[in-house]
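Worksheet: the structure to be examined is printed underneath.
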Number of protein chains: 2
Amino acid sequence: MMQAGEAEISHGTDMVSDEAMHDFLGYSLKRAYMSVRRETAGAMEDFGLKVRSFSALTLIVANPGISPSLLAEVLQMERPNVVLIIDELETRELISRTRDPKDRRRFALNATLRGKHVQQKTAAAAAAREEKITARFTAQEYEMLKVFLRRIGA
Amino acid sequence: MMQAGEAEISHGTDMVSDEAMHDFLGYSLKRAYMSVRRETAGAMEDFGLKVRSFSALTLIVANPGISPSLLAEVLQMERPNVVLIIDELETRELISRTRDPKDRRRFALNATLRGKHVQQKTAAAAAAREEKITARFTAQEYEMLKVFLRRIGA
DNA sequence: TATTGTTATACTCTATAACTATA
DNA sequence: TATAGTTATAGAGTATAACAATA
């Protein structure tokens, strides 16, 4: 069954659609995710951040003193990849890396004043872009959607 | 605000959470997508298919005679990448590639009998895995979720 | 012994440029 | 001149193995 707004592509006399794949929740989720990402990634790049750098910076702002290992766990990334992101954020002086005196293996990550500013600006720009999409929902629908997504997500 | 089921990770006396990122729809969508994908990717690999090979095979089964270019457009992939997937499916004799006599630049892609069988088995296995997750929803909730996702997706 | 951070590396996925054959 | 399919390649993003410092 065809749904309003679905892209159909002509194919001889017929139409081609991806309807068969929409039987899978994963496919619908990916399409939705990619659609939102296309919007927000642009906003983040305007401030020199990739999506994952912005995610890391946001979590460091929200969780001052977090260690790289915890950050990797929360973001569901491997430790070596987190190191690269932290390097980038530190080079741009958006965060600082200081030894934890209680456990000298660990680093405590903290956003600099500049980092906090960049995070705020970028978050506002990304949120504005998301509103292009979330405007398609009533407040009640949007709340339901968020609840549903968090019921699925790890 | 913390929500039921959210992962919290201890961090000194505090807890670390990714709550700040859930302000962004894109983040919640990605978490949900990755969660479903982890389930279904395993099922597909059991039948020797990657997620994208399965998607291509499914669309070829559903749209007999589709061309590589149309397949790329529907799957939102670049043409060169589709060629690799088609090569793989053809080598495994799951699809056939025949010249379109009306436009000899084009190929018509069709699933072989074997390809149709593999697609059915894989789809059933993937659907069974998705049910682990969709069981968290009432039928009504699940229908709403699908409608919401298609309202977002391209 | 185990863990944190790190380095180097490999693998997958995706994107771009340029070619050929057909139109 | 434009399009379909292809090739080669480059760039992200992600994953694994192994090491030094610390616990």
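- One interatomic measurement links the two molecules: CD of B:E78 to P of D:dT6, which rounds to 15 Å at whole-angstrom precision.
- OP1 or OP2 of C:dC13 has at least one side-chain nitrogen or oxygen of B:K50 nearer than 4.0 Å.
- When each of A:R99 and B:R97 is assigned the nucleotide of DNA chain D bearing its nearest heavy atom, the one mapping closer to the 5' terminus is B:R97.
- At least one side-chain heavy atom of B:Y27 sits less than 4.5 Å from a side-chain heavy atom of A:L75.
- Applying the 4.0 Å criterion to OP1 and OP2 of D:dC19, one finds that A:R79 has every side-chain N and O outside that range.
- Closest contact between the side chain of A:R105 and the listed nucleotides C:dG5, C:dA2, C:dC13 involves C:dA2.
- In terms of position on DNA chain D, the residue among B:V83 and A:N81 whose nearest nucleotide sits closer to the 5' end is B:V83.
- Checking the phosphate oxygens (OP1, OP2) of D:dG13, a side-chain nitrogen or oxygen of A:R52 falls inside 4.0 Å.
- Hydrophobic cluster membership differs between B:V83 and B:L59, with clusters built from Ile, Leu, Val, Met, Phe, Trp and Tyr side chains linked at under 4.5 angstrom.
- Rounded to an integer number of Å, the gap from CD of A:E73 to P of C:dT3 is 12 Å.
- In this structure, OH of B:Y33 is placed 11 Å from P of D:dT14, rounded to the nearest angstrom.
- Each of B:M77 and B:D103 lies near DNA chain C, and the nucleotide nearest B:M77 is the one positioned closer to the 5' end.
- Here C:dA2 presents its C1' atom at 19 Å from CZ of A:R104, a figure rounded to the nearest Å.
- Rounded to whole Å, the distance from CD1 on A:I95 to C1' on C:dG5 is 13 Å.
- When the C1' atom of D:dG13 is taken as reference, atom CE of B:M34 falls 10 Å away, rounded to whole Å.
- Rounded to an integer number of Å, the gap from B:I85 CD1 to D:dG5 P is 14 Å.
- If you check every strand for non-hydrogen atoms under 4.0 Å, A:P80 touches a base.
- At least one donor-acceptor pair closer than 3.5 Å links the side chain of B:E130 to the backbone N or O of A:G26.
- Proximity of A:R106 to the phosphate of C:dT4: a side-chain N or O atom is located under 4.0 Å from OP1 or OP2.
- In this structure, B:F137 and B:Y142 have tilted ring planes: the angle between them lies in the 30° to 60° band.
- Between the NZ atom of B:K30 and the P atom of D:dG13 there is a distance of 9 Å, rounded to whole Å.
- Between A:S69 and C:dT3, a side-chain N or O to OP1/OP2 separation shorter than 4.0 Å is absent.
- Between A:D100 and A:K102 there is no salt bridge, since no side-chain N of the basic residue sits under 4.0 Å from a carboxylate O of the acidic one.
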